[in-house]
Amino acid sequence: MPNYWLFKSEPDVFSIQDLAAQPGRRTTWEGVRNYQARNFLRDDVRKGDGVLFYHSRSEPMCIAGTAEVVKAGYPDHFAWEAGHPYFDEASTESSPVWYMVDIRLQKSFSTPVTRRDLEKRPITQGMMVLRKGSRLSIQPVTEAEWNAVLELAAALENSHTKN
DNA sequence: GCCAACGTTGGC
DNA sequence: GCCAACGTTGGC
């Protein structure tokens, strides 16, 4: 029984198109430096979980597609590399502070599901990502929300195809 | 670019 | 342990 998540990324930094261009359409998800998000990565994100790939600070802000967790939480070794942007002297190999996971692209939506779309539907309008000031970059998603987003994406794809 | 919301830091 | 200051995030 998989869990579902929403991962935020600024497309100027790393977009779903960037993910699609990776070898095996797969990437490491490092650099999370928030304790609540860290706890999810370390304790709860498992292989096989579903990920909604969210574009923040972009036009439009949207869920751009889905991914699958291919490697569960493991220590973020970038925190150990002196001089690396994600370096943190508090984290060591024997006592890691930060964690990362690996994901693989599942589907890049032909028509992204925008915030406006999410706000329109009763189930998706309750999603954490819509809450004002919601800064958490790794967010849990309920199965109902996951299904509703996929339905929305399918509906948008159909209307796009017909026009 | 603006600014509200948030998490973290550090002085006390 | 409090809380003001600060830096960052992220929607608009």
Side-chain angles (χ1 to χ4, degrees), chain A residues 3-22 27-45 49-67 69 73-103 105-142 144-146 148-153 155-156 160:
Chain A
N3 290 318
Y4 302 100
W5 307 94
L6 180 145
F7 285 17
K8 280 190 210 167
S9 186
E10 295 181 35
D12 289 349
V13 178
F14 190 82
S15 68
I16 200 161
Q17 290 78 17
D18 293 327
L19 175 56
Q22 298 298 307
T27 188
T28 54
W29 202 263
E30 69 274 14
V32 172
R33 294 294 180 266
N34 166 282
Y35 286 103
Q36 199 180 347
R38 186 282 308 268
N39 292 346
F40 284 135
L41 291 179
R42 186 188 59 190
D43 306 331
D44 301 314
V45 178
D49 285 358
V51 173
L52 299 174
F53 196 107
Y54 180 80
H55 281 175
S56 66
R57 289 195 128 210
S58 67
E59 185 51 49
M61 285 166 291
C62 62
I63 295 169
T66 59
V69 176
Y74 62 103
D76 183 343
H77 52 83
F78 293 95
W80 307 332
E81 290 181 22
H84 193 278
Y86 294 142
F87 176 72
D88 181 358
E89 61 179 5
S91 186
T92 63
E93 290 196 48
S94 57
S95 181
V97 176
W98 305 113
Y99 282 74
M100 58 199 276
V101 299
D102 293 355
I103 65 170
L105 181 65
Q106 242 166 18
K107 189 173 198 321
S108 186
F109 294 152
S110 55
T111 305
V113 180
T114 66
R115 286 178 74 84
R116 297 291 161 267
D117 296 326
L118 295 174
E119 285 163 358
K120 285 179 200 156
R121 303 291 180 101
I123 295 172
T124 53
Q125 72 186 190
M127 291 178 71
M128 186 184 286
V129 73
L130 294 184
R131 291 218 274 272
K132 189 176 167 66
S134 171
R135 292 172 54 172
L136 197 57
S137 63
I138 305 288
Q139 303 183 353
V141 168
T142 68
E145 289 166 348
W146 171 269
V149 169
L150 294 194
E151 281 167 25
L152 253 172
L156 290 167
H160 186 75

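Just so you know, these numbers use all the heavy atoms, side chains as well, and skip hydrogens, waters and symmetry mates. Sequence lines set the chain letters: A, B, ... in the order given, protein chains first and strands last, and positions in each chain run from 1.
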Residues from residues 29-36 of chain A lying under 4.0 Å of DNA chain B - heavy atoms: A:N34, A:Y35
Tell me every residue that passes side-chain contact (heavy atoms from CB on, under 4.5 Å) with [X], counting only those two or more places apart in sequence or in another chain.
X	answer
A:A148	A:I123, A:T124
A:R131	A:M128, A:S134
A:N34	A:Q36, A:A37, A:L136

By side chain to side chain donor-acceptor pair (under 3.5 Å), A:Q125 pairs with (sequence neighbours left out) none
Could you state the interatomic distance from OG (A:S137) to CZ (A:F40), rounded to the nearest 0.5 Å? 10.5 Å
Take the protein atom CG of A:L130 and the nucleotide atom C1' of C:dC12, then report the distance between them rounded to whole Å. 14 Å
I need the NZ-P distance between A:K132 and C:dG11, as an integer number of Å. 11 Å
Using a strict 4.0 Å threshold on nitrogen-to-oxygen distance, state whether A:D76 and A:R33 make a salt bridge. yes
Pairs: protein N or O with nucleotides 5-9 of chain C N or O, under 3.5 Å:
unit_1, atom_1, unit_2, atom_2, d
C:dT8, O2, A:R135, NH1, 3.2
C:dT8, O2, A:R135, NH2, 2.9
C:dT9, O4', A:R135, NH2, 3.3

Ring centres of A:W98 and A:Y35 under 6.0 Å apart? yes
Side-chain donor-acceptor pair under 3.5 Å between A:D43 and A:Y99, yes or no? no
